Chemist: 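One structure, pasted below without further comment.
All of these numbers come straight from a predicted model, not from anything done at the bench.
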Protein chains: 2
Amino acid sequence: MVGIDDVARQAGVSTATVSRALSGRGHVAPATRERVEAAAAALGYVVSSSASSLATGRNRNIGVVVPFLNRWFYTSVIEGAQRRLMQYGYDLTLYNLSGDDREREKVFQDYLLRQRVDAVIAVSLELTVDEITSLHALGKPLVGVGGPLSGVRTLSIDDVAVTKLATEHLLSLGHTRIGHIGGDVDRELAFHLPTNRRLGYEAALREAGLIPERELYFPAVFTMESGYTAAKQMLGNPRLRPTAIVAASDEMAIGALLAARDMGLDVPGELSVIGIDDHELAGFFGLSTVAQHPGLQGERAVELLMEELQPSGGAHLDDENTPLPFDLIVRSSTARPLRRSAGRR
Amino acid sequence: MVGIDDVARQAGVSTATVSRALSGRGHVAPATRERVEAAAAALGYVVSSSASSLATGRNRNIGVVVPFLNRWFYTSVIEGAQRRLMQYGYDLTLYNLSGDDREREKVFQDYLLRQRVDAVIAVSLELTVDEITSLHALGKPLVGVGGPLSGVRTLSIDDVAVTKLATEHLLSLGHTRIGHIGGDVDRELAFHLPTNRRLGYEAALREAGLIPERELYFPAVFTMESGYTAAKQMLGNPRLRPTAIVAASDEMAIGALLAARDMGLDVPGELSVIGIDDHELAGFFGLSTVAQHPGLQGERAVELLMEELQPSGGAHLDDENTPLPFDLIVRSSTARPLRRSAGRR
DNA sequence: GTGAAAGCGCTAACAT
DNA sequence: ATGTTAGCGCTTTCAC
């Protein structure tokens with residue numbers, strides 16, 4: 001393995017100068033820098049990250065912890081984080097908690113404490129007090145994505161506002177019987193997300209002078225299949241049937257779309273459907289939705305961390321929870337209700 | 001930060017003994033080991049990975065390089081690899097190449113060479129000779145997943161056999177007009193995968209005494225949308241219309257299923273569709289398919305690496321390319337063709 | 001079975 | 001602007 005002293009010898013300088021020239025820290029004469037760079041390139045020298053880390057205490061590596069991998073939202077966040085990290089010259093070490101609880105404990109009690117990461121991004125994770133404590137004890141910056149975490153800087157969309165917007169879109173089109181397919185409150189995914197999204201839906205109805213009906217809420221588990229099943233229940237009951245559905249995620253919304261199709265219901269003629277996410281399949285299915293931008297969330301998380309790791313003075317890091325932008329995207333799954341019941345007016 | 005000497009002092013032994021006791025290498029009296037473990041636990045001691053790496057030359061970390069993240073196949077491989085790695089106490093550092101080419105170069109010329117990973121898993125990557133060379137120069141084990149790589153140990157399914165099996169399933173049901181939606185050969189994904197899958201389809205037809213028709217092959221790009229479009233073309237042409245379709249991936253197959261539905265074609269009555277993958281949505285759509293098991297592929301890749309990193313003598317590592325298992329899974333999207341054309345007989 | 005001590009390869013004071 | 005040098009925190013001979 002070619003080491004720093006090989007380069008130093010080749011360039012005719014000391015190892016300290018090589019280190020300075022290559023890392024950019026400290027002043028080096030331009031001519032020297034060039035000689036060093038040439039020598040390094042010629043020898044194919046690359047710093048040993050462990051030696052460098054040991055000496056500096058910095059790893060140029062951040063840990064990203066996710067509850068699952070096989071979900072569009074998580075991979076999008078990771079992708080965004082990775083993209084930005086690479087620009088900063090950082091690595092991304094991935095911890096996936098989808099295994100059993102022992103695994104989760106191992107991650108928090110061992111892996112993250114091995115001084116291998118300079119900071120951690122926790123995606124959609126409801127951390128326990130212990131976990132937050134041990135992470136903080138590490139003295140490493142921590143940022144959460146996907147929901148508020150007490151005592152932790154987090155990035156997340158306003159889950160209440162998001163479904164409220166979706167519901168208002170439907171109301172503004174003239175719908176008055178609007179169903180909701182939301183997460184199962186009994187197994188809250190994280191951060192009361194299902195509950196919050198439901199609250200937004202109900203708030204919009206109330207503001208429009210409507211009373212949310214228990215029967216128009218169907219719990220599901222954030223998958224296409226589960227959305228399909230819920231929608232079938234909702235649409236199959238003739239005295240219940242809404243003219244529009246707000247689903248708490250695009251995958252559930254797509255399931256609802258497919259259910260409607262299987263039942264011979266015309267979308268958006270007889271049923272409007274709106275989701276939350278702007279999932280990669282939303283465009284294909286013509287699904288109206290409220291976009292959250294997970295890739296951007298990952299990027300922003302990294303920026304926050306970098307500001308803390310290598311302060312540039314540009315930003316202020318005060319806020320505990322930074323609200324993220326979201327946008328209504330209208331496609332072809334939402335429209336005015338057919339004037340079937342015009343007579344009622 | 002509590003270090004090894006703190007533990008040594010607390011346990012009344014030397015740092016050498018602490019190291020031996022905690023790492024399991026070398027002999028330590030059981031009583032001593034317990035004292036050390038107790039001390040370490042009490043102090044909340046965790047080894048510094050950089051110090052340990054510097055001393056041993058090992059990182060307990062492997063790099064996984066993928067071309068994209070937002071694809072079921074890749075995340076499944078990663079998930080499987082991660083699962084196994086965690087059992088071995090290893091970390092997983094993720095490199096995503098979906099950015100531009102400069103990024104790819106950075107990964108291979110810098111990141112992977114920083115001595116930060118003990119080995120690398122390249123998923124569905126057609127590596128250049130230079131890339132393989134520089135990786136080999138590192139002296140780190142390398143295994144490929146998803147396709148054969150010359151000079152590299154790889155794990156992959158037999159792409160020819162897989163579509164051959166799918167096509168044979170259709171033939172055995174009595175189909176004789178079978179279309180194929182495959183990858184676009186002009187932008188081969190990797191390893192001539194599209195071509196190989198097409199070859200399997202054609203081989204099956206030929207063995208059944210049928211001649212593959214140019215017009216029954218439609219190129220697409222491995223997405224649902226692209227499968228949908230291709231299927232529409234294929235099914236919309238009355239003098240072309242096949243009674244069955246083999247798609248080179250489940251996502252394309254699902255697109256075809258949706259196209260058939262939109263055209264009012266009954267599946268499997270008027271059209272049978274089979275894919276390749278056993279994608280997470282395949283069950284929901286009742287899609288018959290040939291399962292490959294990406295999670296297992298990730299796990300196997302790790303096992304191969306571990307055998308090389310910490311030989312247990314149990315296995316032999318001879319084979320350049322290990323063929324992986326695949327299974328036909330019949331659901332409700334395939335059946336005998338309707339005897340509409342029985343008269344012809 | 002345990003301890004002393006010499007590194008592992010780099011960085012950052014401190015000098016010059 | 002550059003060199004000297006003392007660590008960073010651990011592992012691993014080599015003694016005992």
Chemist: Starting at the 5' end of DNA chain C and moving along, which residue's nearest nucleotide shows up first, Ser14(B) or Leu54(A)?
Modeler: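 The answer here is Ser14(B).
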Chemist: Do you know which two heavy atoms are closest between Leu305(A) and Ile62(A), and how far apart they sit?
Modeler: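 Heavy-atom minimum between the residues: CD2-CD1, 4.3 Å.
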Chemist: Report yes if some heavy atom in the side chain of Glu103(A) is under 4.5 Å from a heavy atom in the side chain of Tyr95(A); otherwise report no.
Modeler: no
Chemist: Rounded to the Å, how far apart are Arg114(A) CZ and dC10(D) C1'?
Modeler: 14 Å
Chemist: Taking atom P of dT11(D) as reference, at what distance in whole Å does atom CG of Leu22(B) sit?
Modeler: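 So the CG-P distance, Leu22(B) to dT11(D), works out to 8 Å.
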Chemist: CZ of Arg35(A) versus C1' of dG3(D): gap in Å, rounded?
Modeler: 14 Å
Chemist: Are there over 12 heavy-atom neighbours, none belonging to Gln109(A), within less than 6.0 Å of that residue's CD?
Modeler: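 It does: Gln109(A) CD has more than 12 such atoms within range.
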Chemist: Do nucleotides 10-16 of chain C as a string where each nucleotide becomes B, S or -: B if the base has a protein heavy atom under 4.0 Å, S if just the sugar-phosphate does, - if no protein is that close.
Modeler: BBBB---
Chemist: What is the distance, rounded to the nearest whole Å, between atom CZ of Arg9(B) and atom C1' of dC10(D)?
Modeler: 15 Å
Chemist: To the nearest Å, give me how far apart CE (Met1(B)) and C1' (dC10(D)) are.
Modeler: 13 Å
Chemist: Tell me the interatomic distance from Glu34(A), atom CD, to dA1(D), atom C1', rounded to whole angstroms.
Modeler: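 Answer to the nearest Å: 16 Å.
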Chemist: Parallel, tilted or perpendicular: which fits the ring planes of Phe68(A) and Tyr74(A), with parallel below 30° and perpendicular above 60°?
Modeler: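 Phe68(A) and Tyr74(A): tilted rings.
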Chemist: Answer with base, sugar-phosphate or nothing: what part of the nucleic acid does Thr32(A) contact at a heavy-atom distance below 4.0 Å?
Modeler: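 Sugar-phosphate contact only.
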Chemist: Can you name the closest pair of heavy atoms from Leu309(B) and Ala119(B) and give their distance?
Modeler: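 That closest heavy-atom pairing would be CD2-CB, 4.2 Å.
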Chemist: Check the distance between dG9(C)'s P and Gln115(B)'s CD and give it to me in whole angstrom.
Modeler: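 Taking atom P of dG9(C) as the reference, CD of Gln115(B) is at 9 Å.
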Chemist: With a 3.5 Å distance limit and no angle check, can you tell me whether Lys140(A) reaches the backbone of Leu112(A) through a side-chain donor-acceptor pair?
Modeler: no
Chemist: Within this structure, what is the CZ-to-C1' distance between Arg33(B) and dT2(C), rounded to whole angstrom?
Modeler: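 The answer, rounded to whole Å, is 13 Å.
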